[in-house]
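Reminder, nothing fancy here: chain letters follow the sequence lines and each chain counts from 1. Both backbone and side-chain heavy atoms feed into the values below; hydrogens, waters and symmetry mates do not.
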Number of protein chains: 2
Amino acid sequence: MPTLTLDVAAFAIRDDDLAVLMRRAGARWELPWARHDGGALDQAAARLAREAAGRVGWLSLAGAFDETDPHPANASLSLAFAALVPHDAADAVPDDHAWRTLGDRDRLQARQQRIADAALALVRDRVDRAPVAFRLLPAAFTLAELQRAHELLLGQRVHKASFRRSLDAAALVEPTGEWRTEGRGRPAQLYRLAKRKRRAAPRSVRFDY
Amino acid sequence: MPTLTLDVAAFAIRDDDLAVLMRRAGARWELPWARHDGGALDQAAARLAREAAGRVGWLSLAGAFDETDPHPANASLSLAFAALVPHDAADAVPDDHAWRTLGDRDRLQARQQRIADAALALVRDRVDRAPVAFRLLPAAFTLAELQRAHELLLGQRVHKASFRRSLDAAALVEPTGEWRTEGRGRPAQLYRLAKRKRRAAPRSVRFDY
DNA sequence: TCAATAGTGTCTGTTAGACATTATGGA
DNA sequence: TCCATAATGTCTAACAGACACTATTGA
């Protein structure tokens with residue numbers, strides 16, 4: 001009989017960079033995981049993510065990995081979940097948990113490395129299909145923060161004027177009416193994610209590979 | 001202890017439309033499934049798909065579904081796989097298997113309906129990220145066939161000139177040198193999928209939602 | 001010759017990206 | 001005043017889609 005774990009790779013923006021949540025396991029670090037013995041999968045994954053990362057903005061299955069690679073629980077199968085945490089909620093993690101840089105994921109055991117990789121790839125792949133970048137931010141954010149979240153997920157710089165034009169064309173955000181002063185420079189207006197109005201008819205077939 | 005199945009939703013082009021592979025189970029129809037008791041997941045899924053659908057061009061995990069919905073095996077968990085079958089290989093399926101129209105998937109039990117839906121959504125979502133449309137075709141194909149495969153997956157018409165321009169810009173296909181006469185009309189040149197040369201730097205951030 | 005399909009050239013409106021400029025705060 | 005950041009306007013090259021046209025076969 002197979003033993004099954006749920007493993008979650010949670011990401012948040014820390015110190016202007018992407019970070020992944022790990023927990024201490026003796027002398028090592030691991031991704032949060034829990035045994036699964038049946039029942040509602042989504043709820044079990046949500047519970048695991050919430051206990052480890054606090055408020056979770058987004059959660060999705062990212063893959064399944066077998067005993068080809070070693071795992072902290074030696075489970076015969078592990079379901080990988082990707083989670084995104086708003087950075088204002090990322091401070092309150094349990095004592096034995098910590099946000100670590102992406103480079104640190106090579107400290108994980110092989111299966112959890114692959115889980116973290118798959119989770120990151122899933123999130124990156126979905127940036128332009130679903131509002132995942134928003135899930136790294138609080139409900140109200142500046143356009144500079146939103147752009148930076150996209151840049152961190154995409155791994156490349158984004159053109160400011162084009163970014164804002166696209167946001168405007170898609171009617172994706174709406175101003176809250178509030179402004180935020182951050183050090184020096186002109187204050188930035190705060191925005192929130194707007195409700196979907198109409199989905200734009202997609203342009204032509206693209207070959208992004 | 002949870003019982004686990006692998007379920008595969010295999011798609012192919014039949015009669016100029018997308019079809020999904022089902023097998024007879026008594027008086028009902030079901031998606032091909034098999035119990036899984038550990039071992040290499042990808043290999044087990046590939047074996048299941050191959051036994052049901054013959055040559056399989058593409059296979060990918062599409063989701064995981066729990067006992068919230070009924071399943072032919074009453075498994076507590078089912079891993080959904082999406083498979084694509086080239087239409088020239090789709091004739092040789094076992095006697096108790098048949099290619100059925102997409103509309104027939106509401107004859108499946110609820111969990112397998114969701115599996116088929118998730119598999120179809122996955123394939124559609126990946127059309128512009130990976131050469132999945134090619135996996136519905138033989139190694140050599142006409143551009144009209146390739147365009148039709150994209151149209152079936154995307155569920156909408158595609159502009160011929162733009163489609164070919166994009167193919168050309170991406171250097172995605174190369175002519176085999178052979179031509180095919182099909183009834184009346186000018187013969188069509190045959191193409192094959194070209195090896196990736198350079199991945200074009202993706203354009204700006206797009207919000208396709 | 002006609003019908004049918006393959007394949008291409010041209011035009012136009014839209015958009016991405018470069019660049020510059022204005023706006024508004026703190027030091 | 002100077003500097004840093006926000007926000008926007010203008011220009012251009014690239015591209016998507018419409019349309020028409022040529023090319024090549026079978027009936």
Which residues pass the side chain to side chain contact (heavy atoms under 4.5 Å, CB included) test with B:A52, not counting sequence neighbours?
B:L21, B:P32, B:H97
According to salt bridge (charged side-chain N to carboxylate O under 4.0 Å, His left out), who are the partners of B:R100, at least two apart in sequence or on a separate chain?
B:D104
Say you draw a straight line from CG of A:D125 to CZ of B:R129; how long is it, rounded to the nearest 0.5 Å?
4.5 Å
Give A:Q189 one of three labels, base, sugar-phosphate or nothing, depending on what nucleic acid heavy atoms sit under 4.0 Å from its own.
sugar-phosphate
The criterion is ring-ring contact (aromatic ring centres under 6.0 Å, His included); which residues satisfy it with B:W99, sequence neighbours excluded?
none
With a cut-off of 3.5 Å and sequence neighbours excluded, list every side-chain donor-acceptor pair involving residues 7-14 of chain B.
| unit_1 | atom_1 | unit_2 | atom_2 | d |
| --- | --- | --- | --- | --- |
| B:D7 | OD1 | B:T5 | OG1 | 2.7 |
| B:D7 | OD1 | B:H71 | NE2 | 3.4 |
| B:D7 | OD2 | B:H71 | NE2 | 2.6 |
| B:D7 | OD2 | B:Q112 | NE2 | 2.8 |
| B:R14 | NH1 | B:D91 | OD1 | 3.0 |
| B:R14 | NH2 | B:D91 | OD1 | 3.2 |

Please determine, by modelled atom types, if B:E151 and B:Q147 share a side-chain donor-acceptor pair under 3.5 angstrom.
yes
Does B:H150 have any ring-ring contact (aromatic ring centres under 6.0 Å, His included) partners at least two apart in sequence or in another chain, and if so, which?
A:F207, B:F163
Starting at the 5' end of nucleotides 22-27 of chain D, put B wherever the base has a protein heavy atom under 4.0 Å, S where only the sugar-phosphate does, and a dash everywhere else.
-BBBBS
Positional range of nucleotides in DNA chain C within the contact set of chain B, heavy-atom, under 4.0 Å
C:dA3 to C:dG17
When the nearest nucleotide of DNA chain C is assigned to A:K160 and to B:H159 on a heavy-atom basis, which residue is associated with the more 5' position?
B:H159
Does anything in residues 47-67 of chain A pair up under salt bridge (Lys or Arg N to Asp or Glu O under 4.0 Å), and if so which pairs, sequence neighbours excluded?
A:R55-A:D88
Just to verify, what does A:F141 make a ring-ring contact (aromatic ring centres under 6.0 Å, His included) with, not counting sequence neighbours?
A:F134
What protein N or O atoms touch nucleotides 10-16 of chain D N or O atoms at under 3.5 angstrom, if any, and at what distances?
| unit_1 | atom_1 | unit_2 | atom_2 | d |
| --- | --- | --- | --- | --- |
| D:dA16 | O4' | A:R203 | NH2 | 3.0 |

Taking A:R24 for the side chain and A:D96 for the main chain, is one N or O donor matched with an acceptor at less than 3.5 Å?
no
Pull out every residue in residues 145-158 of chain B that has a heavy atom closer than 4.0 Å to any atom of DNA chain C, ordered by number, or say none.
none
Residues in side chain to side chain contact (heavy atoms under 4.5 Å, CB included) contact with B:A110, at least two apart in sequence or another chain:
B:D69, B:P70
Does the ring of B:W179 carry B:R186 above it, NZ/CZ under 6.0 angstrom from centre and within 45° of its axis?
no
Could you tell me if B:R111 and B:S78 have a donor-acceptor pair between their side chains, going purely by distance under 3.5 Å?
yes
